[in-house]
Amino acid sequence: MRVLVIGGGGREHALAWKIRQSPQVEKVYCAPGNAGIAQVAEVVPIPADDVPGLLRFARERGVDLTVVGPELPLMLGVVDEFRDAGLRIFGPTREGARLEGSKAFAKELMRRWNIPTGYFSVFDNPEEAKRFVAEVGVPIVIKADGLAGGKGVIVCEELKEAEQAIDEILVARLFGDAGARVVIEEYLEGEEVSFILLTDGVSVLPFPSSQDHKRLLDDDQGPNTGGMGAYSPAPMLTAEMHARVMAEIVLPTIQALQVSKIDYRGVLYIGLMLTPAGPKVLEFNARFGDPECQPLMMRLESDLVQLLGACVDQRLGEVTAVWDERAAACVVLAAAGYPGAVEKGRIIHGLEEVERLSDVVVFHAGTARRQQQYVTNGGRVLGVTALGADVAEAAERAYAAVSKIHFDGMQYRRDIGRRAMKWLTKGGQ
Ligand code: AMP
Ligand code: GLY
């Protein structure tokens with residue numbers, strides 16, 4: 001079987017690495033991939049948003065299954081196009097991807113179906129938006145409706161900040177058309193957890209819980225990023241909480257998609273806030289989380305291709321997934337300047353030494369190969385991922401590996417997994 005992975009980050013490296021292990025697979029392609037992915041797949045220089053180019057490639061090479069990593073091709077309708085051409089592809093259609101692509105669409109669906117989430121209102125008029133904020137007060141969260149590369153969410157502690165955010169999004173159009181509307185939303189407090197599942201539109205296969213680290217700096221300080229590290233499982237998602245999420249959030253969402261006649265066969269990634277009043281949805285994503293995908297793939301023992309194929313063929317109810325009981329942790333190594341502009345081309349040292357460690361895999365996010373060396377080629381550069389008996393041991397192993405890696409300007413958080421450890425030592429408080 002020939003499999004094409006679309007994308008070129010740490011998530012796609014983890015997916016390609018796992019797909020490569022499937023006994024059914026003879027060839028893995030990745031477009032556009034990166035220098036690390038080239039170790040496990042043939043990388044092809046087609047950008048992830050070049051839908052016609054990807055379709056042509058898949059046809060020419062007789063690709064049997066295409067797996068979409070990032071959200072952009074989903075929103076551009078890559079799944080619709082491939083299916084129309086009779087090709088098997090894993091991911092929701094353009095309509096389904098609106099769960100991620102329009103925060104207003106997602107919030108309205110939640111409201112209609114009584115899915116627990118913060119209260120909200122949607123505006124295209126800045127004055128009305130400001131009046132609403134003045135009425136409800138701060139703290140409040142202002143979000144650009146559309147995709148803004150992870151930067152369109154502004155948590156505001158002060159009224160002034162909120163007004164400024166509204167002006168930036170609606171008036172200055174800092175995020176372009178993604179900011180034609182704003183969603184103004186209740187500020188929720190609690191533990192944030194990633195709840196990732198596969199669905200074929202009927203059945204649901206929940207993956208183990210995980211937790212991302214969105215802020216750049218230790219102790220959740222500094223700007224929001226794409227994610228500075230992740231671990232799995234997240235102990236805050238207790239069995240009781242899991243059952244509530246399934247009953248109160250997952251099942252109504254699947255029903256809502258069915259009733260709306262949205263053919264959803266892919267990942268549903270629910271960003272959850274575990275509030276004192278119960279689990280509430282912060283956001284939906286239509287793809288695997290990155291970096292969460294990296295620890296999850298380390299823990300998956302089953303054949304990923306079988307699971308994804310069952311999703312595409314709407315046989316998900318017939319399969320089960322087996323997971324390594326150990327925990328996994330991923331520490332992201334980012335370039336200087338991230339999440340802003342970064343310099344590329346810094347030589348990465350120490351990777352060979354880390355390759356010799358067992359239960360550690362370095363997934364490449366932004367790397368290139370130059371003169372027999374790996375160099376930095378993006379904001380997030382590497383995801384150093386390790387297994388361990390528990391989150392503490394997994395993180396310790398990941399950090400032991402990190403200590404052997406170096407490039408100019410390398411920055412990373414020192415506290416990946418600490419919230420889990422704190423939670424456990426406090427006895428689940
Ligand atoms: P999102 O892209 O919607 O996940 O937002 C990015 C980050 O902003 C989330 O991971 C949260 O940490 C934070 N955030 C988003 N919405 C809220 C909210 N309603 N209350 C508190 N924090 C939020
Ligand atoms: N790790 C957050 C995301 O993938 O959106």
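Each ligand, and each atom within it, is numbered from 1 in the order the structure gives. Given the structure is predicted, the values throughout are model-derived calculations rather than measurements. Only this structure's heavy atoms are used, side chains among them; waters, hydrogens and symmetry mates stay out.
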Should Asp313 and Arg88 count as an ion pair when the cut-off is N to O under 4.0 Å? yes
Who are the side-chain hydrogen bond (donor to acceptor under 3.5 Å, both in side chains) partners of Asp50, not counting sequence neighbours? none
For Asp212, the atoms of ligand 2 under 4.0 Å from one of its heavy atoms are 1 (N), 2 (C)
Short version for Glu292: what comes under 4.0 Å of ligand 2, heavy atoms counted, is side chain
Within 45° of the axis and under 6.0 Å from the centre of the six-membered ring of Tyr399, does NZ or CZ of Arg397 qualify? no
Please state whether Gly289 comes within less than 4.0 angstrom of ligand 2, counting heavy atoms only. yes
Who's the nearest protein heavy-atom neighbour of atom 5 (O) of ligand 2, and how far? Arg287 NH2, 3.0 Å
Lys130/Asp167 ion pair, N-O < 4.0 Å: yes
With a 4.0 Å cut-off on N to O distance, would you call Lys214 and Glu283 a salt bridge? yes
Are Phe284 and Thr253 packed together at the side-chain level, in the sense that at least one heavy-atom pair is separated by less than 4.5 angstrom? yes
Using a threshold of 4.0 angstrom between heavy atoms of the protein and any atom of ligand 1, which residues qualify? Lys103, Val141, Lys143, Val153, Glu185, Glu186, Tyr187, Leu188, Glu192, Lys214, Asn224, Met273, Leu282, Glu283
Kindly write out the residues that satisfy side-chain hydrogen bond (donor to acceptor under 3.5 Å, both in side chains) with Glu95, not counting sequence neighbours, or none if the list is empty. none
Quick test of your reading: applying ring pair (Phe, Tyr, Trp, His ring centres under 6.0 Å), list the pairs with at least one residue in residues 241-283, sequence neighbours left out, ordered by first then second residue. Phe195-His242
Below 3.5 Å, N or O to N or O, backbone or side chain included: is there any such pair between Asp290 and ligand 2? yes
Answer yes or no on whether Arg369 is positioned over the face of Tyr374, meaning its NZ or CZ is under 6.0 Å from the six-membered ring centre and within 45° of the axis. yes
Out of all atoms in ligand 2, which are within 4.0 Å of some heavy atom of Gly226? Include the element for each. 1 (N), 2 (C)
Mark the output for Ser194 as yes if a heavy-atom distance to ligand 2 is under 4.0 Å, and as no if none is. no
